[in-house]
Amino acid sequence: GGRQAWRHGGTRAGRRRWSGVLHAFAGSGRLTQERHDTHAQLAPMLTLPWPRALLLDMDGTLIDSDEAHLVMFNEVLAPYGVTVTHEIFARVVMGSANEAIMQALLPDLPAAERAALALRKERLVLQRLDLVRASDGALPLLQAAGERSVPVAVVTNAPRENAAAILSHLNMSPSVTTLVAIEDVTRPKPHPTPYQEALRRLRVVADDALAFEDSVSGVRSAAAAGLRVIGVTGDRHRAGLDQAGAWACARRLSDVVLAD
């Protein structure tokens, strides 16, 4: 069925096979978007066959946590005269690890002080989980994966404590097979290591899996690991995710339908 069609999807021959699968879905009236070239596309609804595994970024993809992080970054950075605007958040924060974020925002501060600020910010986020919610389509996607015994990995640059607390708060933990957090890898996104580790834990090859990411850093990480990546744009333009290697784009998870 659909899952079998994912095998060898990352190879050149696999792409041709995948194109055939898409045309088959189109012929059955179950496909609303096709891949014809190397540029990611954006459509109101994207229908694909179920993969053998799902790999999902957390912040901005599986959950909507931008407000919580924006508020807390500004709280800890205010004494240093730094304001994180929405533009700075999108350019510097999204998809990046705390170490890289703090280095970009406070380059002259000693590394130890930057690390302490990042830790304080994460602890503050844990106090405001009321600002965090599931992204549109996230819970139905996790439920559907569970019903089909499709394993799910959450792959994040966030600390394990925070990621686990948020997933538990949103009742997502029972649906997550494995969580790859910042402590689990030697190099965070955009390096492929986080997604490579998730694939290793799930015991699947990249050709059999599908990744979802909302940031340029995350798309680069997943694509470099050999994964087919759906870029989740939200209200942003898709160009950055397209150039980073997204295979296709959708505005939200609820715009992606995985069909049996």
Side-chain angles (χ1 to χ4, degrees), residues 42 56-106 114-142 154-173 175-176 179 181-182 188-190 194 212-219 221 230-241 244 249-256:
L42 185 62
L56 296 138
D57 169 57
M58 190 178 76
D59 292 289
T61 302
L62 193 62
I63 67 169
D64 182 355
S65 57
D66 286 2
E67 183 179 359
H69 287 288
L70 183 64
V71 169
M72 297 315 166
F73 266 118
N74 279 311
E75 181 167 331
V76 300
L77 295 175
Y80 298 87
V82 175
T83 299
V84 179
T85 63
H86 285 89
E87 186 274 330
I88 292 174
F89 188 90
R91 178 168 49 85
V92 177
V93 176
M94 285 182 60
S96 299
N98 278 325
E99 181 181 356
I101 295 167
M102 289 302 185
Q103 186 172 6
L105 297 175
L106 296 168
R114 290 199 302 262
L117 282 174
L119 181 60
R120 179 169 173 245
K121 191 275 293 184
E122 294 297 340
R123 288 174 175 167
L124 288 173
V125 169
L126 288 178
Q127 297 173 17
R128 292 303 310 272
L129 293 183
D130 58 298
L131 296 177
V132 179
R133 67 176 185 85
S135 297
D136 292 341
L139 292 172
L141 177 61
L142 292 177
V154 172
V155 186
T156 178
N157 274 345
R160 173 168 290 277
E161 180 184 8
N162 280 51
I166 290 171
L167 292 173
S168 176
H169 173 70
L170 296 175
N171 198 32
M172 293 179 175
S173 298
S175 302
V176 176
L179 168 63
I182 190 73
K189 304 173 190 178
F212 289 84
E213 272 284 357
D214 76 309
S215 69
V216 168
S217 171
V219 169
S221 173
I230 304 300
V232 181
T233 66
D235 295 326
R236 300 178 301 278
H237 195 272
R238 67 170 177 83
L241 301 185
C249 289
R251 289 186 177 86
R252 56 190 69 83
L253 290 179
S254 56
D255 286 335
V256 179

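Residue numbers run from 1 in the order of the sequence given. Keep in mind it's a predicted model, so treat the numbers as computed, not measured.
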Side chains of Val232 and Asp57: does their closest heavy-atom pair fall under 4.5 Å?
-> no
If every non-hydrogen atom of Val76 is compared with every non-hydrogen atom of Pro79, which pair is closest and at what distance?
-> O-CD, 3.5 Å
Going by heavy atoms in the side chains, are Arg128 and Val71 under 4.5 Å from each other?
-> no
Shortest non-hydrogen separation from His169 to Leu129 and the atoms involved | NE2-O, 3.2 Å
Met72 and Arg120, any side-chain heavy atoms less than 4.5 Å apart | no
State the CG-CZ distance between Leu105 and Phe73, to the nearest 0.5 angstrom.
-> 7.0 Å
Would a distance-only check, ignoring hydrogens and angles, find a side-chain to backbone donor-acceptor pair under 3.5 Å from Ser65 to Ala68?
-> no
Any donor-acceptor pair under 3.5 Å linking the side chain of Thr61 with the backbone of Asp214?
-> yes
How far does NZ of Lys121 sit from CG of Asn98, to the nearest 0.5 angstrom?
-> 4.5 Å
Quick one: list whatever passes salt bridge (charged side-chain N to carboxylate O under 4.0 Å, His left out) with Asp64, sequence neighbours left out.
-> Arg133
Rounded to the nearest 0.5 Å, how far apart are CZ of Arg252 and OG1 of Thr233?
-> 8.0 Å
Considering only heavy atoms from C-beta outward, does the side chain of Met102 approach that of Leu77 to under 4.5 Å?
-> yes
Can any side-chain N or O of Ser173 pair as donor or acceptor with the backbone N or O of Ser168 at less than 3.5 Å?
-> yes
So do Val256 and Phe212 actually touch side chain to side chain, heavy atoms under 4.5 Å?
-> yes
Is there a side-chain contact between Asn74 and Thr83, using heavy atoms and a 4.5 Å cut-off?
-> yes
CG (Asn162) and CE (Met58) are apart, to the nearest 0.5 Å, by 7.5 Å
Could you grab the distance from atom CZ of Arg123 to atom CD of Gln127, nearest 0.5 Å is fine?
-> 10.0 Å
Separation of Leu62 CG from Leu139 CG (nearest 0.5 Å) = 8.0 Å
On a heavy-atom basis, the closest approach of Leu117 and Leu106 is CD1-CD1, 3.6 Å
Measure across Ala181 and Pro159 and return the closest heavy-atom pair with its distance rounded to 0.1 Å.
-> CB-C, 4.2 Å
Do the side chains of Glu161 and Glu122 get nearer than 4.5 Å, heavy atoms only?
-> no
Quick one: does Arg160's side chain have a donor or acceptor within less than 3.5 Å of a partner on Leu179's backbone?
-> yes
Which atoms form the tightest heavy-atom contact between Ser175 and Leu142, and what is the distance?
-> CB-CB, 3.8 Å
Donor-acceptor pair, side chain of Lys189 and main chain of Val155, under 3.5 angstrom | yes
Of all heavy-atom pairs between Pro188 and Ile182, which one has the smallest distance, and what is that distance?
-> CB-CD1, 3.4 Å
Ile88 vs Val92 side-chain heavy atoms within contact, under 4.5 Å = yes
